[in-house]
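Heads up, the thing below is written out as C-alpha cells.
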Amino acid sequence: MTSCTDICRSILLERMVFNTHCGIAIPDEFLEHKNYVFNLLKSTVVNGENNSALLIGPRGSGKTMLINSVIADLEAICDVEKDYVVIKLHGFFQTDDRIAIQEITRQLFLEEETANRTFGSFSENLTFLLDSLKVADRKATKSIIFIMDEFDQFCQHKNQTLLYNLFDVCQSAQAPMAVIGLTCRMDAISLFEKRVRSRFSHRQIYLFVKPDFQKYSETFVSLLRLQPSRELKAIYVRSWNKSAEDLAQDPLVQGSLKKVFNLNPKLRLLQNILLVALSRLGESHPFLSSKDIVTAIESQTTDCKTLQLQGLSVLELQLLLCMKYLDKIYFGEPCNYEMAFYEYTKQMKNSSMQKFDRQIAMKAMEHLETLEFIRPVEGTSSSKVQKEFVVYHILITSEQLTAAIAKYPNLPTEVKQLADTCL
Amino acid sequence: MDFEWIGDPISVNEAVRQLTPKPKTFYQTCKYLGTEYNIGDHVLIANSEADDPESFRHCYVASLVYMYEMKSNKKDPFRAQVQWYSRVEQLSKNLKKESVHPPLDDAWELVHEGQRYKGDISIETIFDKCSVLICEENEIPKGIGKHKKLCTFFCRFALGPKNSRDLVSVKESLAKQLADMTAKTLADSFSAISQSDKEPTTPRRKSTRSRKMSENENNDSALYPELIKTPRSSTRNRQPSRQSDNDKNESGIPSASINTPRSSRRNRQPLLLVDNEDDESNVPTGPVNTPRSSKRIKPRCLDETLPSPLKNSTFSISSNKTKELCIVIQRCKVTPNKEISAAELDQASKVKARKKLDLETPVTPTKAVEEKTPKKPKRAGSATPGSTQKKRLRLTPAISSRSGNVTEPTSPLGEIRRRLHVGAVPQTLPCREDEFEHIYNYVEGKLTDGIGGCMYISGVPGTGKTATVSEVIRVLKESQTEGDLPDFKLIEVNGMKLTAPQQIYVQIWNQLTGSKVTADKAAKLLHAKFSTNGPRHRPTVLIVDELDLLWTRQQDVLYNIFEWPNRPKAQLTVLAIANTMDLPERLLMNRVSSRMGLTRLTFQPYKVKQLQTIISSRLENLVSFEPEAVEFIARKVSAASGDARRALDISRRAAELAEKGSHKISSPTKSPSKRGAQPCKSTVTMQHVQAAIEEMFSSPKLLAIQV
C-alpha cells in the first residue's frame, strides 16, 4: 500500500523531470502569439497551406512550451495519425544536413516502409526526400509540420541546403507543410543566404519576457501544487498545497529563491532545485521544509570551481591569491610566474609557515594551469618565452576564492589573513 | 576494319535514292565482325546512352530497310536505314498503355515505331542479330526471351499516327503501310520493269561466304523442292543474296501453297530444327572467319525461320526484281477487301509453324534437342524474379495520404489568402512578357534548327526567373504536343538540391535515362552521349537553377555544362539561372565564361507598378483589397528589394490580420442582424498593411531593447 506521500512524490518528480506540467499557464502576453502560431498550423493541417515562421526569444522564454501547447491544442481538433505528421528536429542533434535528412525520412515514413531500405548515400536520400515532397499532392497527402529547435544551428550547415529545400517546398505548391523555427538568436534572419531569405515568409514572432520575481514565486507554488485525484485524498492534497504556499512565504526560502532568480530566472533551474528537494520526501518527512529548499538550492547552484579550489594545496592557494592580488593592483593586466613568486616570497618573509623553493612553486603553477584556473595569454607563443615568464590570466573570480577559503578545512590563519588583504 | 559488302550493288527505286542528295551505293548483304546482315533482318543496335551499350537489356532493336555505302562520308561510309522498334520503357509517358490487355511486357515486348525517328544509322553501331515475332493484339507468344545467345522479342503494337496516344495493332499498321507503299510503287513499277531488264546479271555469290552459309542454302533449296520448281524461283537472275532468296521462298508460299500440300510444310519443321541444331554444333568446329563470329553466327538460323512481314514489305520495294514486285502488287490487288496482305498471311502461318515447332521439339528424336530444350524455360524464369526484386528495393517516393479532405477556405479573405500564397500558380506571369518572349524565342530557335546553345539568366531572388523559365517550358511542351516543334527532352537541375556539384551528372543522367550510376561514370557517359550523334537522338533542354553553387575550384562541372552545348552533335540547350549578374566575370575562369557565350538575360527587380500589377492580378476581381494598400505594399517592397515573394507575403499577412480583425469585431456581436455588415468589415485596409509591414520589417534588436 503506497502512502499518499509516495504518490505525491512520484507525481511531482515526474512533473519536474519530464516537464509535463500543464499548470504553468502561458503568460498573458504570449496568448496572442500562441493564437498566431496555432492558426498558422491549423491552416496548414486543415487547408493544406504552406507556411513558415520563426519564433525568436531568449533562452527560457517559453518557446518550446508555447509550441508544445500549440501542438497539444492541435491534437484536440485534428487527428494526428491521419491528417498530419509532426517532425521535430534539433539543431544540436542534427548537426549536419545528412543526419537531418535521415532523421526527417525516419520520422516521415513509417519504420516498416524504410526497414528494408538501407540508407544510401546522402545525395540519394536528399533526392528521395525531395521527390517525395514533390509528388505529394496538396489535397491528398498528410500535412507535415517541421519544428526546428535551435534553428540558428541549421544556418551553419553547408550551403543551407536543408533550409533552402524546406522553404522552397513551402513557397511552391508541393506537399502541404509548415516550418516553425525556434531560436534565441535575434539576428536569425540575417543568417540566411539571400535566396533562402527570399523564400522564407518573414513571419517572425518575438517572445520577450520581463523577469518578474512575483511571477517566479507564483510559478514555484504552482509547480508544487497538486490536484485531487482518485489516489490522493482531498485532505492530503489540501494540506500539501497549504504547506507549499507557506513554504513560498517563508523568508528563508524567499531569500534563496530571490538569489537564484537574480542569477538565472529560467524555470528549468527551479525544476532541478525542486527535484532535489522532492527526492528527500518520505514516510518520516512528509512535507517539504525550508531547509530542504535551501540545501537544494545550494546543491544546484554550487560552483564547480569553488569545489575544485577546496582541493588545492596551501601553496597553490597562496599563489592564486598572489596572482589575484597582482591582478587587482595592475587592473587586470596578466602576470607571470616570476611576479607571482616574488609576491609570494614577499608575503612569506616574516611568516612562520613553511617556505617553498622556486621549483616546487613552479610545479604548483603548472598544476594550476592544468586545472584551468589560469590561462596563458593568447598570442604569445610559449615555445619562445621561458616558462617563468609566460604571462597568465587568472580565470576565477574573487567571490569564488572567498567562498573556497571560507570552506577550506584547516586553513592556516595566516593564509586567511592574506586572503582578507588580497581580496 | 572488319566490314565488307557481299554481292554487288543493287538498285533501288528513285524515291529511296533521293533520301539524301549524296551519291550512294545500295547493297543487299553485308558482313560486319563475322556476322552477315541482310535487308529485312532484325538487329540489335548499341545504345550509347546506356551504361552497357551492348547488353540486350538496353540496346535498341530495329529491322534493316536498306544498307548503303556513302563514299562522300569519309569517317563513316557504311550506313543503314532502319525501322525502329521501341521497348516499353522507351515509350513516351503520355501513351495510353493501361488500356492494353494483356499488359505490356517490360522485358521482351517491342512496339513498332512507325516513322517517329530518323532511321539513318552507321552499320558499325549494329552488334548482333535478334528475332522479333509479330503477333496478334491479345496473344503473347511462347519462346520469347534469350535462348542460346539469340534474343527473341515480340511485337504486338505499333504507335499510331503522329500525336496519337493510342497503340494500334502492329499487323494492321503494317498492312496499311504495305498498302501505301505498294500504291506508291505501283506507278513506278512499270518503269522499273524496263529498267531491271537492262540490269546486268550479277554473279551468284562471293567466295568469302562461309561454308555454313552455302550448306544452309543447300538445305533450304532441298527443303523447298516444290518452291524451287515454281517459275519465279527458277528465274535466270537470282538474287545476289541468300536472304532475298529465302524471302522469295517465303513470300511465295501463300501463292504457291495452292499446289503445296499442307503436310509437306509440317514435315518441314522438324527438319528445319535439325538443320539449326546442326548449324550450331558446327559453329565451334567449323571454319570461323573471325574469333568473334562464333558468337554472332548462331542467332542467324532461328531468325531465318521467323521472318516478319516487314521483311517482305521492304523486300518488295527494294528488290529490282520486277516480276516479284508485280506479284506483290497482284497479291495486294487480290485481297484488298480482306485488308490483310499476303505477307501477313504468310507471317501468321509462320507463327503457327513456330508454335508447332515449340510443341514438337520434345518429341523430336534428336538428342541434342532433348538436352537443350528443357533449359529454355528455366533461363527465362530465372531472369524475371531478379528484375522484380530489384524494383521492389527501390522505394517509390511518396508521403502517406491523409484521411480527411482538405477544406478550402470559405470566407472571401480566406480565398484571397490562398491566391496570394507564393506557391499559388498564377494563370499568367504578368510583367515578364519581354523576358518570356526572349527565352521562348531562343529555345524555340535552337530546337527547330537542331543546334545547341546556352543562355545565362540572372536576377536577384524573387524576380521570377525560375517561374518564367518553367512557363516557357510549359508553352514549349504544349506546342510540341501540337506538333509544331520537334520532340525534346527536358532536364531540370537545381544546384541547391545537390549535395555536391558533381552530383549534377548523376541527376542529369538519371533524368535522361532513368538509371542510377556514380558521378564519375555519369560524367563519362554524358561526355559520350553529347559528343556522338547516337541513334534516336533527341534535342535536350537543360535547366540549371542556382548555377553559382556548382562552382568548384577546378570549375570542371561548369566547364562541362557549357562545353556540351558547343559540340556540334549535342543538340543541347542550356538555360543557366543564377542570382548574380556578374557571375561569369567574377567567379568563372576565362575558358568557362567563353563557352558560356554572350547570350544573357537579366531580370530587373520589380518596380512599383509591376508589383502592383502582380498583386492585383492575383486578386483578380476580388475587391476586398484597398488599392492604396496594394500600392503601399508595392512601394515599400520595391524600395527594399523588389522581391515579389515579399510583396505577396506582406499582402497575405495583411489579409490575415484583416480577417482576424473582422472576427474580433463580429464575434462578440454574433447576432444575425450584424451579418450584413461583415463583408465591408473584411476589406484589407491601410492599417492592416501597415501592421503587416511593421511585423515583417521590424528589427528584432529594437524590439528587444524596447522590452
Side-chain angles (χ1 to χ4, degrees), chain A residues 39 43 46-50 56 78-79 82-84 97-98 108-110 113-114 116-117 122-124 126-136 138-144 159 161 164-165 168 170-176 186-187 189 194-195 197-199 201-204 206 208 210, chain B residues 392-409 414 417-418 421-425 460-462 466 494-500 503 506-507 510 516 519 546 549 579 641 643-646 648-650 652-653 656 659-660 695-701 703-704 706-707:
Chain A
N39 286 334
S43 68
V46 178
N47 299 343
E49 278 183 7
N50 289 346
I56 301 172
C78 303
D79 196 341
K82 287 172 186 164
D83 282 348
Y84 67 100
D97 285 349
R98 210 177 80 82
L108 193 54
F109 303 101
L110 294 170
E113 244 182 286
T114 44
N116 55 358
R117 182 178 177 271
F122 174 31
S123 50
E124 269 175 39
L126 180 67
T127 28
F128 178 76
L129 184 68
L130 291 177
D131 286 348
S132 330
L133 292 177
K134 203 171 181 179
V135 297
R138 192 174 75 86
K139 288 182 180 163
T141 50
K142 281 184 185 178
S143 302
I144 308 163
N159 285 346
T161 310
Y164 176 90
N165 287 316
D168 197 47
C170 268
Q171 63 101 37
S172 54
Q174 295 178 17
M186 295 286 162
D187 56 346
I189 286 204
K194 56 181 174 180
R195 53 189 142 220
R197 199 182 315 158
S198 166
R199 278 165 175 78
S201 74
H202 281 242
R203 290 168 192 268
Q204 306 168 65
Y206 300 105
F208 295 120
K210 271 186 194 161
Chain B
R392 207 190 306 142
L393 278 176
R394 192 174 287 172
L395 208 65
T396 46
I399 291 171
S400 41
S401 52
R402 60 164 69 214
S403 61
N405 281 333
V406 170
T407 53
E408 291 296 332
R417 266 174 44 206
R418 192 187 62 74
H421 193 277
V422 196
V425 186
V460 291
T466 313
N494 189 328
M496 262 297 196
K497 295 181 179 173
L498 304 170
T499 51
Q503 288 292 324
V506 181
Q507 288 264 327
N510 187 19
K516 279 185 180 171
E546 313 291 356
L549 283 164
N579 53 28
S641 58
D643 187 338
R645 290 194 190 107
R646 197 74 322 104
L648 291 173
D649 279 335
I650 291 174
R652 185 152 171 261
R653 177 69 187 139
E656 249 169 55
E659 194 174 23
K660 210 169 84 185
E695 229 172 69
M696 291 201 171
F697 285 111
S698 61
S699 151
K701 279 169 191 155
L703 276 174
Q706 280 169 358
V707 170

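Remember, predicted model here, so these are calculated numbers, not experimental data. Order of the sequence lines sets the chain letters (A, B, ...), proteins ahead of strands, with each chain counted from 1. Only this structure's heavy atoms are used, side chains among them; waters, hydrogens and symmetry mates stay out.
- The distance from the CD atom of A:E124 to the CD atom of B:Q503 is 8.5 Å, given to the nearest 0.5 Å.
- When heavy atoms are compared at a cutoff of 4.5 Å, A:D168 approaches chain B solely by way of its side chain, counted from C-beta outward.
- No other option in B:A644, B:P461, B:G462 has as many heavy-atom pairs under 4.5 Å with chain A as B:P461.
- Annotation: maximal heavy-atom pairing with chain B below 4.5 Å, among A:K194, A:Q171, A:Q204, occurs at A:Q171.
- At a 4.5 Å heavy-atom cutoff, the contact between A:R199 and chain B is made by backbone and side-chain atoms alike.
- Formation of a donor-acceptor pair under 3.5 Å by the A:N47 side chain with backbone atoms of A:E49 is not found in this model.
- Heavy-atom distances place both the backbone and the side chain of A:F122 under 4.5 Å from chain B.
- Only the side chain of A:L130 comes within less than 4.5 Å of a heavy atom of chain B; its backbone N, CA, C and O stay farther away.
- Both the backbone and the side chain of B:N579 come within less than 4.5 Å of a heavy atom of chain A.
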- request: Give the C-alpha distance, both sets of side-chain angles, the deciding distance and a yes or no for salt bridge (Lys or Arg N to Asp or Glu O under 4.0 Å) between B:D649 and B:R646.
  value: CA-CA 5 Å; B:D649 279 335; B:R646 197 74 322 104; 3.0 Å; yes
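- Counting non-hydrogen atoms of neighbouring residues, nucleotides and ligands closer than 6.0 angstrom, the CZ atom of A:R98 reaches no more than 12 such neighbours.
- Ranked by heavy-atom pairs shorter than 4.5 Å toward chain B, the options A:N165, A:N159, A:N39 are led by A:N165.
- Contact of B:N510 with chain A is not made at all, since no heavy-atom distance falls under 4.5 Å.
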